[in-house]
Number of protein chains: 2
Amino acid sequence: MKQATLKDIAEQLNLSVTTVSKALKGYPDVSKKTRAMVKELAKTLNYKPNTFAVNLRTKESKTIGLIIPVIVHHFFSNVIRGIVAQAEKKGYLVIILQSNESYELEKKQLDLLISQRVDGIIISLANGTADFSHINAIIAQDKPLVMFDKIAKVVQCSKVIIDDRKAAYMATQHLIDTGCKRIAHFRGALLPQNSIDRFLGYKKALIDNGFTYDPSLVYICECGDMSFEEGQKNAKQLLEDHNDVDGIFINTDLVAIGAMTEFSKRGVKIPEDISIVGFSNWFMSSVISPSLTTIDQPGYDMGKSAFKQLFKEIKAKKKNTAFTPKTVTLETALVKRDSTK
Amino acid sequence: MKQATLKDIAEQLNLSVTTVSKALKGYPDVSKKTRAMVKELAKTLNYKPNTFAVNLRTKESKTIGLIIPVIVHHFFSNVIRGIVAQAEKKGYLVIILQSNESYELEKKQLDLLISQRVDGIIISLANGTADFSHINAIIAQDKPLVMFDKIAKVVQCSKVIIDDRKAAYMATQHLIDTGCKRIAHFRGALLPQNSIDRFLGYKKALIDNGFTYDPSLVYICECGDMSFEEGQKNAKQLLEDHNDVDGIFINTDLVAIGAMTEFSKRGVKIPEDISIVGFSNWFMSSVISPSLTTIDQPGYDMGKSAFKQLFKEIKAKKKNTAFTPKTVTLETALVKRDSTK
DNA sequence: TTAACAATCGAAAACGTTTTCGAAAATACC
DNA sequence: GGTATTTTCGAAAACGTTTTCGATTGTTAA
């Protein structure tokens with residue numbers, strides 16, 4: 001009752017393995033009659049090509065790897081969904097690994113995927129990643145790779161991102177437009193490009209509007225497992241440090257929600273006393289009260305787009321045609337809710 | 001600059017492929033000297049065994065498949081994390097597919113995984129799955145499979161679950177203990193075992209406490225993509241149908257949150273007018289206000305446990321030893337918060 | 001000195017597929 | 001009828017590894 005092979009079919013029909021293979025793959029040099037015969041027997045035997053053998057022969061696995069910092073995360077799980085859906089459409093399967101924001105793990109997992117000989121890799125960098133030689137090594141091997149969200153600008157590969165700087169600018173501008181006079185920022189970790197860009201957008205909006213940029217108003221959080229708690233801690237610290245802040249732009253919704261929880265515990269009213277804008281538009285943000293004004297980050301589309309890009313590169317490599325890396329920038333939108341006036 | 005093979009190493013050292021292979025795998029019949037030589041050259045050439053060839057030869061892929069109804073879901077993404085982490089520890093990779101609560105897709109994806117020749121499969125059934133022949137076919141093929149959370153009782157395989165009936169009983173009992181006199185239930189879809197069990201637990205708690213079970217107090221929701229909206233809709237309907245309900249046990253947190261949103265919009269106070277208990281303990285439930293009393297469902301541990309079980313079966317199959325299916329039941333806990341008195 | 005034995009290696013088959021190339025058979029054309 | 005052409009098939013090599021089984025050498029014991 002084991003899986004049937006080409007040989008089994010060939011023997012039953014008194015044909016050669018070659019002919020059976022060709023019949024199933026629709027080669028022109030096999031008669032309609034035998035083709036039909038073969039296909040029918042294949043179906044009744046429930047024949048499924050042995051992927052191991054196919055992979056060995058064709059040198060492709062129809063499998064891609066995905067490395068993300070965290071799985072349990074509204075944005076990232078949407079990305080996963082987008083990638084998996086799109087990949088399945090094109091006949092690819094997705095192997096998912098979680099780097100846990102650790103550079104070491106990320107390196108190890110990249111190696112794992114290479115060992116597994118996936119046809120391509122999609123990756124969002126860990127917070128801890130400052131050196132990119134492991135990524136460059138992949139690219140040097142001519143293995144298709146696309147980065148998304150948490151990218152490294154200096155690495156020469158395709159990327160799918162949003163315009164973090166512009167989005168952050170929008171968010172900050174919104175705070176200003178609604179009357180905030182002194183605006184703080186809870187930024188993300190120091191290394192990731194997107195938290196840098198969001199910070200820069202915040203700063204630029206301030207300056208463009210004639211505000212003075214005050215570094216003491218910028219708080220850092222790692223945005224890892226402890227995002228919520230970091231938000232609480234930063235909010236508490238902010239209240240101790242300053243009594244005139246009336247608006248905060250926060251790197252991530254989850255941190256923002258932590259901050260809001262802390263504020264309401266201490267009797268600080270949102271948005272009356274302090275307005276808050278988050279980032280990412282987690283579903284959660286729409287159901288808390290007050291609901292959180294935020295930047296919508298299209299996770300599903302980013303995943304879809306990342307796979308599409310990767311697919312193009314895989315195809316290009318197969319045909320041995322040149323391919324120049326491309327950066328796709330998706331649109332974001334400000335979602336106005338009750339945490340701002 | 002392509003990947004080195006055993007042959008490459010063999011040629012450079014004037015050895016046979018056989019000896020090189022044996023040296024790398026630590027066979028005893030190769031001298032320490034050549035073993036060292038081979039290992040060193042392998043390292044400098046960055047040799048990585050071709051998994052396709054290894055798989056073909058050994059007939060195992062060191063890969064497992066995972067099919068879940070939805071990825072973007074607090075509980076399920078925790079399960080993914082648990083499975084992936086545990087699998088990586090044992091040298092297995094995980095291919096993830098989303099059935100989208102569709103029976104047809106589930107069937108197709110199961111087929112895909114079989115074609116891919118994964119070493120085992122972990123699955124949580126789609127809401128739409130009423131027929132289990134596709135699952136039984138896998139088991140008949142002697143391919144290790146374990147089900148979790150949304151299981152089918154009649155299928156003979158290992159399972160990782162919680163005691164849904166008991167948990168629901170606990171939840172309902174809590175409503176009764178805190179003074180609720182007329183308790184409704186928003187149940188899940190009709191087919192899944194866990195929504196049946198939760199319903200039965202609810203019913204039993206009522207009866208054990210001398211309440212009369214009233215079917216008109218039970219509302220259904222599919223608990224798919226539209227969970228939140230379903231919660232709103234049901235809440236609205238409930239208010240139209242009844243004016244004496246003072247407690248609801250709801251199949252899922254997200255539905256509960258939808259209901260709470262609707263209630264507060266309509267001026268119904270929680271928990272003063274109506275107490276609510278959800279199910280699953282989404283993170284979100286702790287940060288909304290009022291925070292939601294719920295049942296904690298250990299997603300990460302379930303994932304971990306599911307892989308461990310699968311791993312045992314894979315090993316058993318390899319050694320050709322018998323294996324009797326086992327059902328692991330994990331503990332749940334009532335998390336008391338502000339949506340109940 | 002031989003026989004027995006251990007240590008070290010390699011030839012070869014196998015896993016199941018794909019694809020190239022040539023052979024045979026059938027058909028067409030003159 | 002003979003030649004040219006098309007149609008249909010299969011032999012064989014290749015992908016890279018693992019493993020069985022002998023072969024060869026060197027070592028030990030009698």
Side-chain angles (χ1 to χ4, degrees), chain A residues 1-39 41-42 45-63 91 114-119 318-320, chain B residues 1-39 41-42 45-63 91 114-119 318-320:
Chain A
M1 181 60 194
K2 51 185 279 289
Q3 279 289 349
T5 69
L6 290 182
K7 201 173 156 199
D8 296 333
I9 299 180
E11 279 169 0
Q12 285 199 40
L13 295 179
N14 260 329
L15 286 171
S16 74
V17 170
T18 307
T19 307
V20 174
S21 171
K22 286 189 195 166
L24 288 174
K25 303 202 73 195
Y27 274 56
D29 61 344
V30 39
S31 70
K32 287 164 212 340
K33 205 170 54 174
T34 60
R35 190 204 314 278
M37 258 172 37
V38 168
K39 283 199 173 171
L41 184 56
L45 288 183
N46 193 25
Y47 168 77
K48 295 203 176 101
N50 183 318
T51 37
F52 303 154
V54 175
N55 291 348
L56 178 59
R57 190 46 229 240
T58 63
K59 293 174 180 316
E60 51 173 15
S61 62
K62 291 282 184 181
T63 288
I114 292 301
S115 286
Q116 184 71 12
R117 282 177 161 73
V118 293
D119 294 341
K318 229 162 103 179
K319 290 189 196 162
N320 234 332
Chain B
M1 180 59 194
K2 50 185 280 291
Q3 279 290 349
T5 70
L6 290 182
K7 200 173 157 198
D8 297 333
I9 298 179
E11 278 168 2
Q12 284 199 40
L13 296 179
N14 259 329
L15 288 170
S16 75
V17 171
T18 306
T19 307
V20 174
S21 171
K22 286 189 195 167
L24 288 174
K25 304 203 72 197
Y27 273 57
D29 61 345
V30 38
S31 70
K32 288 164 212 339
K33 205 169 55 175
T34 60
R35 189 203 314 278
M37 259 172 40
V38 169
K39 282 199 173 172
L41 184 56
L45 288 183
N46 193 24
Y47 168 76
K48 296 205 177 100
N50 183 319
T51 37
F52 303 154
V54 175
N55 291 349
L56 178 59
R57 191 48 229 236
T58 63
K59 295 173 181 312
E60 50 172 14
S61 62
K62 291 280 182 184
T63 288
I114 292 301
S115 286
Q116 183 71 13
R117 282 176 162 73
V118 293
D119 293 340
K318 230 161 102 179
K319 291 189 194 161
N320 234 332

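Naming convention: chains lettered A, B, ... in sequence-line order (proteins, then strands); numbering from 1 in each chain.
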Which value, rounded to the nearest 0.5 Å, describes the distance between [X] atom [atom1] and [Y] atom [atom2]?
X       : Y        : atom1 : atom2 : value
B:Lys22 : B:Arg35  : NZ    : CZ    : 11.5 Å
B:Glu60 : B:Lys318 : CD    : NZ    : 4.0 Å
B:Gln12 : B:Leu15  : CD    : CG    : 11.0 Å

Assuming nearest nucleotide by heavy-atom distance, tell me which of A:Leu15 and B:Leu6 is located more 5' along DNA chain D.
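Closest to the 5' end, via its nearest nucleotide, is A:Leu15.
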Is [X] close enough to [N] that one of its side-chain N or O atoms is under 4.0 Å from OP1 or OP2 there?
X       : N      : value
A:Lys32 : D:dT8  : no
B:Lys59 : C:dG16 : yes
A:Ser31 : D:dT8  : no
B:Thr19 : C:dC9  : no
A:Thr34 : D:dC9  : yes
A:Thr18 : C:dT19 : no

Can you tell me if B:Asp8 uses its side chain to pair, donor with acceptor, with the backbone of B:Thr5 under 3.5 Å?
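Pair found, side chain donor or acceptor close to backbone of B:Thr5.
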Between B:Asp119 (side chain) and B:Lys62 (backbone), is there a donor-acceptor pair under 3.5 Å?
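Yes, the answer is positive, given that a donor and an acceptor are paired below the 3.5 Å cut-off.
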Assign A:Lys25 to base, sugar-phosphate, or nothing according to its heavy-atom contacts below 4.0 angstrom with the strands shown.
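Answer is sugar-phosphate: A:Lys25 comes under 4.0 Å of backbone atoms only.
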To the nearest angstrom, how far is [X] atom [atom1] from [N] atom [atom2]?
X       : N      : atom1 : atom2 : answer
B:Tyr47 : D:dG16 : OH    : P     : 10 Å
B:Lys7  : D:dA13 : NZ    : C1'   : 12 Å
A:Asp8  : C:dG16 : CG    : C1'   : 10 Å
B:Tyr27 : C:dC9  : OH    : P     : 15 Å
B:Arg57 : D:dA14 : CZ    : P     : 20 Å
B:Asn50 : D:dT18 : CG    : C1'   : 13 Å
A:Lys48 : C:dC15 : NZ    : P     : 21 Å
A:Ile9  : C:dG16 : CD1   : C1'   : 12 Å

Any idea which of C:dG16, D:dT19, C:dT20 is nearest the A:Leu56 side chain?
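Closest nucleotide among those given: C:dG16.
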Contact nearer the 5' end of DNA chain C, comparing A:Asp29 with B:Arg117:
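In this pair, the answer is B:Arg117.
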Can you work out whether A:Thr5 or B:Arg35 has the more 5'-proximal nearest nucleotide on DNA chain C?
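Mapping each residue to its closest nucleotide by heavy atoms, the 5'-most match is B:Arg35.
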